[in-house]
Structures are given as C-alpha cells and as structure tokens.
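Here is how names work: the chains are called A, B, and so on, in the same order as the sequence lines, proteins then strands, and each is numbered from 1. From a predicted model like this one, the values you see are computed outputs, not experimental measurements.
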Protein chains: 2
Amino acid sequence: MTPPRTLPPVPSPRSIPVTIGAMDSSSTRSGGRTRREATRQKLYEAAVTLIAEQGFSATTVDEIAERAGVAKGTVYYNFASKSVLFEELLRHGVGLLTASLREAAEQTARDGGSKVDALDAMIRAGLGFIARYPAFTQLYVAELWRTNRAWQSTLMVVRREVVAAIEDVLRDGVASGEFSDEIDVQLTAAALVGMVLVAALDWQSFQPERSLDDVHAALSRLLQGRVSGRG
Amino acid sequence: MTPPRTLPPVPSPRSIPVTIGAMDSSSTRSGGRTRREATRQKLYEAAVTLIAEQGFSATTVDEIAERAGVAKGTVYYNFASKSVLFEELLRHGVGLLTASLREAAEQTARDGGSKVDALDAMIRAGLGFIARYPAFTQLYVAELWRTNRAWQSTLMVVRREVVAAIEDVLRDGVASGEFSDEIDVQLTAAALVGMVLVAALDWQSFQPERSLDDVHAALSRLLQGRVSGRG
DNA sequence: GTTTTTGAACTGACTGGTCAGTGCAAAAAC
DNA sequence: GTTTTTGCACTGACCAGTCAGTTCAAAAAC
C-alpha cells in the first residue's frame, strides 16, 4: 500500500461558493494564500484519509482535528459542520478529476487522435488520478451509491460531471461514425468508469509495485477487444 | 429505484463456522428450518437494506431490530455483536454470488461453449445477482476497499472468492489458446468485475426499467470489442 | 517609533444527546 | 421442560457541536 497522497490546494477557491462565516476574506495573507486556506487544506488532507479508511460516520471530528494538528474548534470555525466539510471535500476532488479527464480528451483531439485514442487517454488520466489520490477515490466509491444521506444531491451532481465527460467522447465518436451507433452511451460510460475504478483500486491495493504504463496497457487491451485471439 | 430485495436463506448455514452461543443447534426444527434460522434471516434482511442505505456505523442495532420486527434482545441472542452480524451477512451474500458465477461457467462448459461464452454467461449471472440483491451489492462495494476495519480479513477472503472465479476462466482460456497469453489475468478479472458492478448499479439506480437482456447486450458488445466500427 | 486597539483565527473544556451492549423476569413457542 | 423471544430499564462510553476566552499580527492613534 502506498502512503495515501492527498488533494492539492485549488487555485480558485471553489466553483460553487458556500457561505461560511465571512466571505471573501482576502484579509491576512502571506505568500498569496490566506492562513485560513492553509488550515482548510490541512483539514481536507486529514479528513480524506481518515474517511477513506473508516467511512464518514466512523470518523470523528476529534480525529480529523488531531491529524490536522488543529483544535476541534478550528474545524467548526472553518466548516459549518462535519457534513459540509465532507461535501466540500467531494466537490474539490471531483473537480480535479473531471478537469484531468477533459484535458486528456482535448489534448488528444488537438493532436489529431481518434476517439478511441481519446478514450485511451482518459483511461490513462483516470489511472493517474487514482494513483495520486487513492484515498479520495476510495471514499468516492464507497459513498457513491448510498441513498438517504445528507450529501445525496452533491453526489449526484458530482457523478454526472465525471460520467458526462466520458459520454461526450462516446457520443462524438458515434456521430463521426467511429463507434457503432448501436452502443449504449450511458451504460458503456458507466462500464468504463467501473473498469478503470476497480482495476486501479486493485492495482493500488494488491500490486502497487506495477507501473502506470503496465496497468494502462492491460486495460487498453481489454478495451480494444484484443483479449481473444493468439498472443 | 426498485424495492431492494434481500438475501434468501442458505441451505448449509455458513462455510466458516463462527462460535455464537450454542453451536450445532439442530435442536427444535419444523419443516427443516429451525426457528432461530428464521429469525436470523429476518435480521439479515433488515440489516442489509439499512446498512446499504446508511453505512455500517450510521445504522443502529435498534433500527435493525425494529425493521426485522424483533426485540433488541433477540439480536444479541442470535449474534454476538453488531459486527458479527455484519460479517456473517457478508459471507452469506458472497457465498450466493460465487456459487452463481461458478454455476454459470460450468453450465457453459457442459454445453460445449467457448471461454468467451463462459465469461459472457458470468456477466449475465453477475447482472442477475445484482438485480436481485442491489442492497447487498451496494454494501459490498462500499466496504470493499476500506482499511482498518474489524471485518477486514473477512472482506479479503470474500473478495478473493469472487475474483478467483473469473480468474479461473481467464486462465483456462489462455491455456487453451483461446485468449492471448499477453493478457493480465488478475487485472483483467478486476476490470471485468468493475465493469459489471458499476454498469449494474448505474442500471438499477438510474434506468431500472431496462431489461437484463438489454443491459447484458450492451456489456457483451463492450467485452467483445464490438464498439468501434460501423453499426 | 511606541502604544493601543482591533478582529480574524484558533483553542479546548464542556454539554446534551446517542447508542452498543447488558440483565433479567415473564411469556410464547415448540 | 427446554429453547427462544420479549420488553424494558439501565450503563458507560463516545461524540457533534458550542462558547467563553486566548493569541497575535497588522492597523490606528499618538
């Protein structure tokens, strides 16, 4: 098991602003980042690994504060509640993932690659993301199909973002005739997500010594139907 | 969302016996099933849906008892603890899944089908299982990659059972020359599990009106690389 | 340039509530 | 008459969220 890396700070705070205490506190800054931002970052880092390991309910706010090296009160000074901390963490992480996927697809398009190439590039980007932030990925998978939870709507939004990035490429491919028009875009996109997700988590958990290239090659082969047939 | 169906009783209690109060209570039976077994069954059914919805920690023993229509004391008369109830539930469910997968593979072999046919049959069996027991599947996915939990070892055992069933078919296929000997058996098996898992959960959650055949066809197409190319 | 004030950020003890697990006598089931 | 279930009161640990008070760097006052 690799030491779980955590999510990096984000340049522009967050896409969907959430009112927490004073907005736009461009107050005390040093080195371009406010003290608050640094603290929130530490809390994200602590929370993501703890929740990935134990789940949301089993993780206490005291634990998060302790791992972040901060007093409990600070958690509540920075986030309205435990759930809000978690929701912002989700948005933060998924934002990074979708950006990475779309960037991969666009780069391929710029290079004049086919849609299969784009899909392949997105698989690689997905694997890269999971390798960098395994804890976040774990947490995301674990919460994705839960129902009756406070952050249900956040999850839906965030899920659509990821799946839509893949669906767009599939649809373009069908439109251009590169893909069969008999494929089921939504279901295929979900299946691809699952393929990468589970393979990557298996990789990280059980054979972390293998290289990204290696794992990517195995999935490419599966995607392109080069499984049957002579070696 | 379909009303979540629950796991059926199992003929032979459990593969790995766990000491809970009196062992081997073949005592009072009627119609081949003891009263205790019926109660345990009700508790499994209540627990599986609640834990799938809310997670293990967020689900209280009082809730489980209430939904099962049973007194709290009865839970502890039948299971040593909340975790033990959960672990037995896991073993119970995964036992059914692996049996179903292996049965599908064997049936194909008996009919003289190829290894691709066997894989295809297993995908169908997997989809069928998930459609029947969506709550169990949710719960399984949510817990599978967690670390530092009491039932960690149970999960590992149970994971291997499922993946091994698929790996066996892949290995046989490579040995007989039907599959390329360049495929990565372990990683491909994980990817297949992920493909079916995520596609099926997407199906159940967002387009439950579709038929199993329909979903199966979409995944078959993906598996056999019939995605690119003309319709 | 020294003193005073301000306020954002942080602290940690405390509170009110929740929940796993216990104990047990009486009832029901078999 | 033995096994299983019930109902319910109880305990002790744990935990989300609160709040009165502290810190300190920068701004204001002089």
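- Nucleotide dG21(C) holds its C1' atom 19 Å from the CZ atom of F86(B), rounded to whole Å.
- The side chain of Y77(A) contributes no N or O atom lying less than 4.0 Å from OP1 or OP2 of dC10(C).
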*Could you check F79(B) against Y44(B) for ring-ring contact (aromatic ring centres under 6.0 Å, His included), going step by step and ending with a plain yes or no?*
CA-CA 11 Å; F79(B) 297 95; Y44(B) 281 155; 5.8 Å; yes
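- For R40(A) and dC10(C), the CZ to C1' distance is 15 Å, given to the nearest whole Å.
- D62(B) has its CG atom 13 Å from the C1' atom of dT22(C), to the nearest Å.
- Both distances falling under 3.5 Å, in either a Watson-Crick or a G-U wobble arrangement, place dC30(C) opposite dG1(D).
- Counting atom types as modelled, K72(A) pairs a side-chain N or O with a base atom of dG17(D) as donor and acceptor under 3.5 Å.
- Rounding to whole angstrom units, CD of residue E37(B) and P of dT3(D) are separated by 17 Å.
- Within the 4.0 angstrom heavy-atom criterion, only backbone atoms of the sugar-phosphate kind lie near T60(A); the bases stay farther away.
- As rounded to whole Å, 4 Å separates atom P of dA16(D) from atom NZ of K82(A).
- Proximity of T39(B) to the phosphate of dT5(D): a side-chain N or O atom is located under 4.0 Å from OP1 or OP2.
- Nucleotide dG17(D) has dC14(C) as its partner under the Watson-Crick or G-U criteria, with both atom distances under 3.5 Å.
- Closest to the Y76(B) side chain, of the nucleotides dT11(C), dT6(D), dG21(C), is dG21(C).
- Taking the centre and axis of the six-membered ring of F206(B), the NZ or CZ atom of R159(A) falls inside the cone set by 45° and 6.0 Å.
- Under a 3.5 Å cut-off, the side chain of S205(B) and the backbone N or O of L201(B) do form a donor-acceptor pair.
- Here the C1' atom of nucleotide dC15(D) and the CZ atom of F56(A) are 12 Å apart, to the nearest Å.
- Checking the phosphate oxygens (OP1, OP2) of dA8(C), no side-chain nitrogen or oxygen of N78(A) falls inside 4.0 Å.
- The aromatic rings of F136(B) and F129(B) sit perpendicular, their planes meeting at an angle over 60°, well past the 30° parallel limit.
- Residue T74(A) has no polar side-chain atom (N or O) positioned under 4.0 Å from OP1 or OP2 of dA9(C).
- Residue contacts for S57(A): at a heavy-atom cut-off of 4.0 Å it reaches no nucleic acid atom on any strand shown.
- At the heavy-atom level, V70(B) lies under 4.0 Å from the strands shown only through sugar-phosphate atoms.
- Between L139(A) and L89(A), the closest side-chain pair of non-hydrogen atoms falls below 4.5 Å.
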